[in-house]
Structures are given as C-alpha cells and as structure tokens.
Amino acid sequence: MRKFDTLRLLLGDQLDIQHQWFNQTNDGVCYVLAQLRQETDYALHHIQKVCAFFSAMEQFSGQLQTKGHHVRYLTLNDTKADASLDALIIRLCHEHQVKRFEYQQPDEYRLHKQLQTLELPKHIEINCVD
C-alpha cells in the first residue's frame, strides 16, 4: 500500500470541488470517500437516497482523480470488515503510514462526536477544518 503524509476524509455531504483542499494537488495527500454500513443503518433511509449519496461520492472521487488528486473510493464491499468509521480510519492510517489525519467539520452531531473522540496512535496528528 502506498505511503502518504496525510489522509483526508470526505463525507457524502461534503462534495464541494470549490473547497480549499482541492485548489492544489499534493502527492503526500490521499482523499478517502467510503461507503459504510454505519451510515446506512443508523436511521431508516429510502434506498434511492442511499444510492444517490453513494453515486455522488463515486462521481466526485472521479472528479478529484481527474484533477490529479490521490483518492481511495471504498464501496460497501471494501469496508465490510470495518465495524465503524473509527475502525476504517485506523486501518487506513496504518495501511498508508500517515502522519496526519484531517477531516471537514461534519454537519451531523452524531458524526461530529464520533470524530471528536477518535483515538489514533500518538504520532498521528488529527486536524478538523471548518
């Protein structure tokens, strides 16, 4: 697995190509967009809503790749062994040997609290941007 300095998480409602993160490419940064059971199961959602979010995430990952960014787009099959978002982040930080994990402030309180209490190894810096 390729080594990166920074892993940046993008949630399904944060697909804004105008965000400052995407102004320049950086060979040391990898963006992660992931389909997770945690996000489909926490409340009852219409299947079309879930499919629309996943499709938008996949299309956005392609748009980022076209602009020259490093992206990992993970499907439900790719994340089925990850019990939660925390487990996925920990696994990816380990796989890519990152020094920094960054995420955009979630709109949802549930995710805000989950990411705020995320515990990574001490050598990995965690940054939240608004």
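Here, residue 1 is the first one in the sequence, and each next residue gets the next number. The figures that follow rest on heavy atoms only: side chains count, while hydrogens, waters and symmetry mates do not.
Two residues are said to be in side-chain contact when any heavy atoms from C-beta on lie closer than 4.5 Å; Ile89 and Leu115 meet this criterion. Proximity of Met1 to Arg72: side-chain heavy atoms (C-beta onward) are separated by under 4.5 Å at one or more points. Inter-residue side-chain proximity for Leu111 and Leu85 is flagged as met; some heavy-atom pair is nearer than 4.5 Å.
The side chain to side chain contact (heavy atoms under 4.5 Å, CB included) search around Lys67 returns Ile17, His69, not counting sequence neighbours. For Leu15, the side chain to side chain contact (heavy atoms under 4.5 Å, CB included) test picks out Leu33, Ala56, Met57, Phe60, with sequence neighbours left out. Among residues two or more places apart in sequence or in another chain, the side-chain hydrogen bond (donor to acceptor under 3.5 Å, both in side chains) test is passed with Gln97 by none. For Glu58, the side chain to side chain contact (heavy atoms under 4.5 Å, CB included) partners two or more places apart in sequence, or in a different chain, are Tyr73. Listed by chain and number, the residues in a side chain to side chain contact (heavy atoms under 4.5 Å, CB included) with Asn77 are Thr75 (sequence neighbours excluded). By the salt bridge (charged side-chain N to carboxylate O under 4.0 Å, His left out) test, Asp27 is found to be paired with Arg2, residues two or more places apart in sequence or in another chain being considered. Judged as a side-chain hydrogen bond (donor to acceptor under 3.5 Å, both in side chains), and not counting sequence neighbours, the contacts of Ser55 are Gln59.
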- Task: Step by step, work out the side-chain contact (heavy atoms from CB on, under 4.5 Å) result for Gln114 and Glu108.
- Result: CA-CA 10 Å; Gln114 184 176 8; Glu108 235 181 273; over 6 Å; no
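Applying the side chain to side chain donor-acceptor pair (under 3.5 Å) test to residues at least two apart or on different chains, none of the pairs has a partner in residues 12-26. Among pairs with a residue in residues 76-102, those fulfilling ring-ring contact (aromatic ring centres under 6.0 Å, His included) read Phe4-His96, Phe101-Tyr103, at least two apart in sequence or across chains. Pairs of residues two or more places apart, or lying in two chains, never qualify as salt bridge (Lys or Arg N to Asp or Glu O under 4.0 Å) while including a residue from residues 112-130.
Rounded to the nearest 0.5 angstrom, Ser84 OG and Leu118 CG are separated by 9.0 Å. Separating the CG atom in Leu88 from the OG1 atom in Thr79 is a distance of 6.5 Å, to the nearest 0.5 Å. Distance check, rounded to the nearest 0.5 Å: SG of Cys30 to CG of Leu92 gives 8.0 Å. We find the CD-CG distance between Gln35 and Leu74 to be 8.5 Å, quoted to the nearest 0.5 Å. Expressed to the nearest 0.5 Å, how far OG1 of Thr117 lies from NE2 of His112 amounts to 9.5 Å.
Phe53 and Leu64 end up in different hydrophobic clusters when Ile, Leu, Val, Met, Phe, Trp and Tyr side chains are linked at under 4.5 Å.
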Do any side-chain atoms of residues 5-12 form donor-acceptor pairs under 3.5 angstrom with protein atoms, and if so which ones, sequence neighbours left out?
unit_1: Thr6; atom_1: OG1; unit_2: Arg100; atom_2: NE; d: 3.1
unit_1: Thr6; atom_1: OG1; unit_2: Arg100; atom_2: NH2; d: 3.2
unit_1: Arg8; atom_1: NE; unit_2: Glu102; atom_2: OE1; d: 2.6
unit_1: Arg8; atom_1: NH1; unit_2: Tyr31; atom_2: OH; d: 2.8
unit_1: Arg8; atom_1: NH2; unit_2: Glu102; atom_2: OE1; d: 3.2

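In plain terms, the two heavy atoms of Val71 and Gln65 that are nearest each other are O-NE2, 3.6 Å.
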